[in-house]
Amino acid sequence: MTDHEYMQQALSLARIAQGFTSPNPCVGAVVVKNGKVVGKGFHQAAGLPHAEVEALDHAGSKAVDATLYVTLEPCNHFGKTPPCTHKIIKSKIKKVVVGCLDPNPDVCGSGITYLKENGVKVVSGILEKESKLLIEAFLWYTQHNKKPFVILKCASTLDGRIATSTGDSKWITNEKSRNHVHEIRNEVDAILVGSGTLHADNPSLTSRIKGVKTKDPIRIVLDTHLSIKEDANLVIQDSNAKTIIVTGPDVSKEKKARFEKKGVQILEIALKDHRLDLNELMIKLGQMSILSLLVEGGSRVAGSALKAGIVNKVLLFFAPKLLGGSDGTPIFKGKGPLLIKDAFRLKQVSLTQFDDDILVKGYLK
């Protein structure tokens with residue numbers, strides 16, 4: 001097998017814990033000796049052993065003079081766990097193959113340097129693109145002042161409507177598309193909706209995948225005037241994740257206290273042009289160690305997120321349906337640019353089909 005094939009195995013291991021390791025990145029590792037995999041491991045959760053340690057412990061004495069494949073540069077500092085570089089050297093690994101460098105300033109390049117200084121051969125950049133894609137939220141958060149990586153998701157008819165004139169939207173997309181959205185929810189730290197979606201759908205915003213152990217994302221609601229009902233699903237449901245209601249500065253102290261008594265966190269944000277300042281919100285969410293955020297709408301929130309410049313990645317699900325009128329709810333509300341040259345342009349665009357639905361995925365930055 002080639003370096004690429006062994007690194008692919010390490011990537012597959014890392015994906016097992018995707019969504020469960022935040023604020024750490026998900027990482028996988030395999031130990032190979034004489035053409036055979038003798039150790040496997042992945043980082044399961046923050047505070048638990050790193051992937052390299054798991055793989056080396058699995059390999060035991062077989063790690064001597066073996067090659068370690070790891071999707072992310074081994075750490076070289078003391079955090080919640082000791083440096084992985086020390087473990088690698090102590091295990092007498094001969095060679096380390098790395099997917100991508102760690103952007104963390106406490107690590108970046110120092111892990112590789114330390115290994116080389118201690119006689120370990122190091123090769124880096126094997127399946128680098130795939131390794132970076134796996135931890136894109138961690139990379140963004142680390143390199144951009146600890147702001148969340150924001151994914152904007154919308155489900156629409158082919159003529160660009162997310163609901164009829166009566167507000168009916170169940171269901172525009174098919175079951176396979178909706179299941180994929182639950183997979184995304186399981187991977188992100190938090191999910192955000194506006195009060196319009198809240199009042200129209202009374203959503204649970206949980207992650208439900210048949211036959212799979214999932215975790216719910218933190219639920220965040222933009223509700224400037226704290227209009228949410230006290231018996232809304234987000235407030236009363238049993239979940240392993242908390243609910244945060246983002247409000248403006250002038251809301252009822254008594255109502256805030258009642259929500260807080262129910263375990264709901266109230267986060268006060270300044271207003272900008274009479275709307276909640278989403279850029280200030282990103283700073284505060286980042287301070288709460290929220291690395292990834294899924295924005296699910298509705299149309300006013302989607303439009304505001306684009307205009308605020310907070311969106312990194314766009315997921316547009318299109319169903320082969322037409323409302324055939326102009327009275328439905330558009331994907332985005334609010335004023336758009338006056339000229340086509342000023343339109344938001346996606347890069348790295350890809351298409352995925354879920355039966356007869358099509359997912360258009362692309363990046364804004």
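Just so it is clear, the structure is predicted and the values come from calculations on it, not from any experiment.
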Heavy atoms, side chains only, cut-off 4.5 Å: are Val295 and Val311 in contact?
no
Sequence neighbours excluded, every pair satisfying salt bridge (Lys or Arg N to Asp or Glu O under 4.0 Å) that has a member inside residues 308-325:
Glu136-Lys313
Run the side-chain hydrogen bond (donor to acceptor under 3.5 Å, both in side chains) test against Asn179 and tell me which residues pass, sequence neighbours left out.
none
Can you name the residues that form a side-chain hydrogen bond (donor to acceptor under 3.5 Å, both in side chains) with Gln265, not counting sequence neighbours?
Lys242
Could you go step by step and tell me if Val181 and Thr173 meet the side-chain contact (heavy atoms from CB on, under 4.5 Å) rule?
CA-CA 11 Å; Val181 172; Thr173 52; over 6 Å; no
Any chance you could measure Thr243, atom OG1, to Gln237, atom CD, to the nearest 0.5 Å?
6.5 Å
State, with a plain yes or no, whether a side-chain heavy atom of Val188 is found less than 4.5 Å away from one of Leu293.
no
For the residue pair Trp140 and Ser292, establish whether any side-chain heavy-atom pair is separated by less than 4.5 Å.
no
May I have all residue pairs that pass salt bridge (Lys or Arg N to Asp or Glu O under 4.0 Å) and include part of residues 47-67, sequence neighbours excluded?
Asp57-Lys87
List in chain and number order the residues that pass side-chain hydrogen bond (donor to acceptor under 3.5 Å, both in side chains) with Glu230, two or more places apart in sequence or in another chain; answer none if no residue qualifies.
Arg258
Side-chain touch Leu276/Leu281, heavy atoms, less than 4.5 angstrom
no
Sorted by first residue and then second, give each ring-ring contact (aromatic ring centres under 6.0 Å, His included) pair with at least one member in residues 227-253; sequence neighbours left out.
none
So, for Thr164 and Thr329, which heavy atoms are closest and what is the spacing to 0.1 Å?
O-OG1, 3.9 Å
Taking only residues at least two apart or on different chains, which pairs with a member in residues 292-344 satisfy ring-ring contact (aromatic ring centres under 6.0 Å, His included)?
none
Would you check if Ser169 and Ile162 make a side-chain contact, meaning some heavy-atom pair closer than 4.5 Å?
no
Give a yes or no answer on whether the side chain of Glu73 reaches the backbone of Gly111 with a donor-acceptor pair at less than 3.5 Å.
yes
Expected list for residues 114-132: side-chain donor-acceptor pairs under 3.5 angstrom, two or more places apart:
{"unit_1": "Asn118", "atom_1": "ND2", "unit_2": "Tyr114", "atom_2": "O", "d": "2.8"}
{"unit_1": "Ser131", "atom_1": "OG", "unit_2": "Leu127", "atom_2": "O", "d": "2.9"}

Distance-only donor-acceptor hits, side chain of residues 147-159, under 3.5 Å, sequence neighbours excluded:
{"unit_1": "Ser156", "atom_1": "OG", "unit_2": "Arg161", "atom_2": "N", "d": "3.2"}
{"unit_1": "Thr157", "atom_1": "OG1", "unit_2": "Asp159", "atom_2": "OD1", "d": "2.5"}
{"unit_1": "Thr157", "atom_1": "OG1", "unit_2": "Arg161", "atom_2": "N", "d": "3.1"}
{"unit_1": "Thr157", "atom_1": "OG1", "unit_2": "Arg161", "atom_2": "O", "d": "3.4"}
{"unit_1": "Asp159", "atom_1": "OD1", "unit_2": "Leu323", "atom_2": "N", "d": "3.3"}
{"unit_1": "Asp159", "atom_1": "OD2", "unit_2": "Leu323", "atom_2": "N", "d": "3.0"}
{"unit_1": "Asp159", "atom_1": "OD2", "unit_2": "Gly324", "atom_2": "N", "d": "2.8"}

Review item, side-chain donor-acceptor pairs of residues 20-30, under 3.5 Å, at least two apart:
{"unit_1": "Thr21", "atom_1": "OG1", "unit_2": "Asn24", "atom_2": "O", "d": "2.8"}
{"unit_1": "Thr21", "atom_1": "OG1", "unit_2": "Cys26", "atom_2": "N", "d": "3.4"}
{"unit_1": "Ser22", "atom_1": "OG", "unit_2": "Asp189", "atom_2": "OD1", "d": "3.0"}
{"unit_1": "Ser22", "atom_1": "OG", "unit_2": "Asp189", "atom_2": "OD2", "d": "2.9"}
{"unit_1": "Asn24", "atom_1": "ND2", "unit_2": "His43", "atom_2": "NE2", "d": "3.1"}

Mind listing the closest non-hydrogen atom pair of Ala66 and Val31 along with its distance?
CB-CG1, 3.7 Å
Contact list for residues 293-310, test side-chain hydrogen bond (donor to acceptor under 3.5 Å, both in side chains), sequence neighbours left out
Arg185-Glu296
Are Val251 and Lys256 packed together at the side-chain level, in the sense that at least one heavy-atom pair is separated by less than 4.5 angstrom?
yes
Just wondering, do Met288 and Leu285 contact through their side chains at under 4.5 Å, heavy atoms?
yes
Contacts of type side-chain hydrogen bond (donor to acceptor under 3.5 Å, both in side chains), residue Asp3, not counting sequence neighbours:
Tyr69
Quick one, Phe259 and Ile245 - any side-chain contact, counting heavy atoms below 4.5 Å?
yes
